[in-house]
Enquirer: 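This structure is in structure tokens; I'll ask about it shortly.
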Amino acid sequence: MSTDAVTFWDGVHAARPAATDPRPNVRLTETVTALPPGRALDLGCGNGGDALWLARQGWHVTAVDVSAVAVERLADLAHANGLDDLVALRQDLHESFPQGGFDLVSAHYLHTPLDLDRAIVLRSAAHALRPGGRLLVVDHGSTAPWSWNQDPGARYPSPRDVAAGLELDTSGWAVERADAPHRIATGPDGRTAEVIDHVLLLRRAA
């Protein structure tokens with residue numbers, strides 16, 4: 001496991017108070033609410049809002065993050081809320097990908113200033129889908145005032161660019177959604193700002 005990645009993300013999470021009731025991402029809830037529960041994988045689970053919400057909807061959830069701080073906090077929350085179908089695991093996606101087949105793989109804001117080949121990770125996620133399963137990739141499409149990357153020249157690949165970079169056989173996976181909606185977001189310090197999400201939803205052929 002990459003010492004740099006562990007140290008960086010443990011530091012990020014340790015610097016924030018532990019969330020007692022983290023909220024799910026809106027792009028997850030609007031996409032998944034109408035789907036029948038199954039097996040879900042949350043990549044880069046962070047404070048666990050998405051994983052907890054999925055488990056409460058009846059999904060069997062595997063949540064992974066490189067940060068031991070994030071994973072331990074999520075495991076404690078799952079236990080305190082009686083969510084036995086949620087398993088939180090520490091895993092470095094730069095080195096390996098979780099085993100198993102899934103009906104949903106969610107990757108929200110899987111960005112890092114450290115070494116990670118996202119295309120390989122997301123391609124692995126697409127191949128981990130069961131027939132009919134979906135991969136939801138939500139990326140930043142703009143720079144928020146609290147973003148760690150404040151480079152004015154930062155480029156945000158479009159959802160179609162992300163899909164093309166996965167080099168998937170179009171007979172095996174179909175794009176169900178690829179757009180860039182706006183929303184009002186709240187940062188860690190309480191500030192609000194309008195941001196853009198890049199949303200990609202892929203479905204594996206049944």
Side-chain angles (χ1 to χ4, degrees), residues 2 5 8-9 24-35 39-46 49-51 54 61-66 91-98 100-144 146-183 185 193-206:
S2 169
F8 178 83
W9 289 110
N25 284 297
V26 66
R27 305 305 170 206
L28 176 75
T29 60
E30 69 185 17
T31 301
V32 176
T33 296
L35 300 180
R39 290 196 66 212
L41 173 63
D42 185 8
L43 299 176
C45 61
D50 288 353
L54 286 166
V61 184
T62 300
V64 301
D65 202 285
V66 72
Q91 186 156 11
D92 188 344
L93 296 172
H94 179 64
E95 297 180 355
S96 63
F97 193 85
F102 302 93
D103 302 292
L104 172 71
V105 180
S106 175
H108 272 72
Y109 314 113
L110 192 63
H111 306 291
T112 176
L114 305 173
D115 192 20
L116 178 67
D117 191 326
R118 272 188 15 121
I120 289 178
V121 172
L122 296 178
R123 192 177 305 124
S124 297
H127 283 281
L129 293 173
R130 292 170 169 173
R134 290 172 171 84
L135 168 62
L136 175 62
V137 182
V138 181
D139 291 335
H140 294 301
S142 63
T143 302
W146 51 83
S147 299
W148 45 259
N149 181 7
Q150 291 293 325
D151 180 1
R155 177 181 175 273
Y156 298 96
S158 72
R160 292 286 180 181
D161 289 339
V162 174
L166 303 187
E167 299 179 342
L168 296 171
D169 182 350
T170 55
S171 67
W173 290 267
V175 175
E176 289 194 328
R177 179 180 180 182
D179 60 3
H182 294 231
R183 64 183 171 88
E194 184 177 65
V195 299
I196 301 171
D197 290 323
H198 283 175
V199 183
L200 173 65
L201 184 64
L202 296 174
R203 185 173 186 268
R204 189 165 195 173

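Just so you know, these numbers use all the heavy atoms, side chains as well, and skip hydrogens, waters and symmetry mates.
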Enquirer: Any side-chain heavy atom of Gln91 within less than 4.5 Å of one from Pro98?
Expert: yes
Enquirer: Please report the shortest heavy-atom distance between Ala144 and Val195, naming the atom on each side.
Expert: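 Shortest heavy-atom separation between Ala144 and Val195 comes out as CB-CG1, 4.0 Å.
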Enquirer: For the residue pair Ala119 and Gly165, what are the closest heavy atoms and their distance?
Expert: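 Between these two residues, the closest heavy atoms are CB-O, 4.0 Å.
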Enquirer: Atom CG in Leu43, atom CG in Leu110: separation rounded to 0.5 Å?
Expert: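 With rounding to 0.5 Å, CG (Leu43) is 6.5 Å from CG (Leu110).
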Enquirer: Just verifying a value: how many Å separate His182 NE2 and Ser142 OG, rounded to the nearest 0.5 Å?
Expert: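 It comes to 7.5 Å.
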Enquirer: For a side chain to side chain contact (heavy atoms under 4.5 Å, CB included) check, start with the C-alpha distance between Phe102 and Thr62, then their side-chain angles and the critical distance, and finish with the verdict.
Expert: CA-CA 9 Å; Phe102 302 93; Thr62 300; 4.2 Å; yes
Enquirer: Between atom OG of Ser106 and atom CG of Asp50, what is the distance when rounded to the nearest 0.5 Å?
Expert: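 Ser106 OG to Asp50 CG: 5.0 Å, rounded to 0.5 Å.
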Enquirer: Heavy-atom distance under 4.5 Å between the side chains of Asp117 and His94, does that happen here?
Expert: no
Enquirer: Does the side chain to side chain contact (heavy atoms under 4.5 Å, CB included) test come out yes or no for Leu93 and Val66, once each step is laid out?
Expert: CA-CA 8 Å; Leu93 296 172; Val66 72; over 6 Å; no
Enquirer: Grab the two heavy atoms, one from Ser171 and one from Ala205, that are nearest each other, plus how far apart they are.
Expert: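 Heavy atoms only, the tightest pair is O-CB, 3.9 Å.
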Enquirer: Checking Arg27 now: which residues fulfil side-chain hydrogen bond (donor to acceptor under 3.5 Å, both in side chains) with it, not counting sequence neighbours?
Expert: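 Expected list: Glu30, Asp197.
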Enquirer: Evaluate side chain to side chain contact (heavy atoms under 4.5 Å, CB included) for Val32 paired with Arg134, printing each intermediate quantity in order.
Expert: CA-CA 10 Å; Val32 176; Arg134 290 172 171 84; over 6 Å; no
Enquirer: Parallel, tilted or perpendicular for Tyr156 and His198, by the 30°/60° rule?
Expert: perpendicular
Enquirer: Of the options Leu41, Leu54, Val61, which is the one that meets Leu104 in a side chain to side chain contact (heavy atoms under 4.5 Å, CB included)?
Expert: Leu54
Enquirer: Drop me the distance from Phe97's CZ to Ile120's CD1, to the nearest 0.5 angstrom.
Expert: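 Here the interatomic distance stands at 12.0 Å.
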Enquirer: Here's a test for you: under salt bridge (Lys or Arg N to Asp or Glu O under 4.0 Å), which of Arg203, Arg204, Arg130 qualifies with Asp103?
Expert: Arg130
Enquirer: Mind running side chain to side chain contact (heavy atoms under 4.5 Å, CB included) on Leu168 and His127 for me, showing each step along the way?
Expert: CA-CA 9 Å; Leu168 296 171; His127 283 281; 4.0 Å; yes
Enquirer: Please tell me if the side chains of Val137 and Val105 come closer than 4.5 Å, counting only heavy atoms from C-beta onward.
Expert: no
Enquirer: Can you measure from OH (Tyr109) to CG (Asn25) and round to the nearest 0.5 angstrom?
Expert: 5.0 Å
Enquirer: Nearest 0.5 Å please: distance from the CG atom of Leu129 over to the CG atom of Leu202.
Expert: 8.0 Å
Enquirer: Do Arg118 and Asp139 have side chains that approach each other closer than 4.5 Å (heavy atoms only, starting at C-beta)?
Expert: yes
